[in-house]
Amino acid sequence: QVQLVESGGGLRQAGGSLRLTCGASGDTFTTYAMGWFRQAPGKEREFVAGITRFGHVTSYADSVKGQFTISRDNAKNTVDLQMNSLKPEDTAVYYCAARPFPYATNDHHDYDYWGQGTQVTVSS
């Protein structure tokens with residue numbers, strides 16, 4: 001098993017930046033592909049970005065391509081989400097998630113472990 005804890009959320013004005021970090025503990029971190037998801041009030045949880053076990057391949061939702069960047073540091077057991085040019089529609093609770101397979105997917109049902117989430121609010 002792996003335990004996940006997100007940090008770095010907060011309030012930003014539109015156009016600003018935030019960097020979210022997810023720290024992992026427990027099982028060997030490189031066992032897991034990692035994903036970031038978000039959920040806005042009244043909406044379904046949606047995929048944001050994913051990264052393979054060793055960080056060679058990344059994937060993004062169309063809505064954040066060119067705006068967000070996912071990365072991982074396997075020596076530190078962390079996965080980050082750099083968010084630039086933030087928009088009010090990026091407002092949501094952001095979750096990191098882990099699945100014990102080589103590749104990330106965009107389906108939240110494929111992930112076994114979740115963090116508690118961190119709130120990101122973007123004002124206009």
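None of the values given here were measured: they were computed from a predicted structure.
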> Quick one: salt bridge (Lys or Arg N to Asp or Glu O under 4.0 Å) pairs with a partner in residues 65-74, sequence neighbours left out?
Replying inline: Asp62-Lys65

>> Under the rule for side chain to side chain contact (heavy atoms under 4.5 Å, CB included), what residues qualify as partners of Ala97, not counting sequence neighbours?
In response: Phe37, Tyr111, Trp114

>> I'd like to know if Val64 and Val79 are part of one continuous hydrophobic network [Ile/Leu/Val/Met/Phe/Trp/Tyr, side-chain heavy atoms within less than 4.5 Å].
In response: yes

Please list, one pair per line, the donor and acceptor atoms closer than 3.5 Å that link side chains of residues 25-36 to other protein atoms, with sequence neighbours excluded.
| from | atom 1 | to | atom 2 | distance (Å) |
| --- | --- | --- | --- | --- |
| Asp27 | OD2 | Tyr32 | OH | 2.8 |
| Thr31 | OG1 | Thr28 | O | 3.0 |

> Side-chain contact, heavy-atom cut-off 4.5 Å: Gln67 with Lys87?
Replying inline: yes

Show me the side-chain donor-acceptor pairs of residues 49-59 shorter than 3.5 Å, one per line, residues at least two apart or across chains.
| from | atom 1 | to | atom 2 | distance (Å) |
| --- | --- | --- | --- | --- |
| Thr52 | OG1 | His56 | N | 3.2 |
| Thr52 | OG1 | Val57 | N | 3.0 |
| Thr52 | OG1 | Val57 | O | 3.3 |

>> I'd like to check the side chain to side chain contact (heavy atoms under 4.5 Å, CB included) partners of Gln13; sequence neighbours left out, ordered by chain and number.
In response: Ser123

> Any idea which heavy atoms bring Asn84 and Ser17 closest together, and the distance?
Replying inline: OD1-OG, 3.0 Å

> Are Leu81 and Val2 co-members of a hydrophobic cluster defined by side-chain heavy atoms under 4.5 Å apart?
Replying inline: yes

>> Taking the side chain as everything from C-beta on, heavy atoms only, tell me whether Leu18 gets closer than 4.5 Å to Leu86.
In response: yes

>> For a side-chain contact (heavy atoms from CB on, under 4.5 Å) check, start with the C-alpha distance between Phe68 and Val48, then their side-chain angles and the critical distance, and finish with the verdict.
In response: CA-CA 8 Å; Phe68 290 3; Val48 175; 3.6 Å; yes

> Between Ala92 and Ala40, what is the shortest heavy-atom contact and its length?
Replying inline: CB-N, 3.9 Å

> Is there a side-chain contact between Thr91 and Glu89, using heavy atoms and a 4.5 Å cut-off?
Replying inline: no

> What side chain to side chain donor-acceptor pair (under 3.5 Å) pairs are there with at least one residue in residues 94-105, not counting sequence neighbours?
Replying inline: Arg38-Tyr94, Thr105-Asp110

>> For Thr69, give me all partners under side chain to side chain contact (heavy atoms under 4.5 Å, CB included), at least two apart in sequence or on another chain.
In response: Tyr60, Gln82

> Do Ile70 and Val93 sit in the same hydrophobic cluster, where Ile, Leu, Val, Met, Phe, Trp and Tyr count as joined when their side-chain heavy atoms come under 4.5 Å apart?
Replying inline: no

> Which residue pairs satisfy the disulfide bond (SG atoms under 2.5 Å apart) criterion with at least one member in residues 13-96, sequence neighbours excluded?
Replying inline: Cys22-Cys96

>> I need the full list of salt bridge (Lys or Arg N to Asp or Glu O under 4.0 Å) pairs touching residues 6-19, with sequence neighbours left out, sorted by first then second residue.
In response: Arg19-Asp80

>> Run Asp90 and Met83 through side-chain contact (heavy atoms from CB on, under 4.5 Å) and show every step you take.
In response: CA-CA 9 Å; Asp90 295 318; Met83 305 187 295; over 6 Å; no

> Can you list the residues that meet the side chain to side chain contact (heavy atoms under 4.5 Å, CB included) rule with Asp112, with sequence neighbours excluded?
Replying inline: Pro100

> Which residues pass the side chain to side chain donor-acceptor pair (under 3.5 Å) test with Asn77, sequence neighbours left out?
Replying inline: none

> Considering residues at least two apart in sequence or located in another chain, which fulfil the side chain to side chain donor-acceptor pair (under 3.5 Å) criterion with Arg45?
Replying inline: Gln39

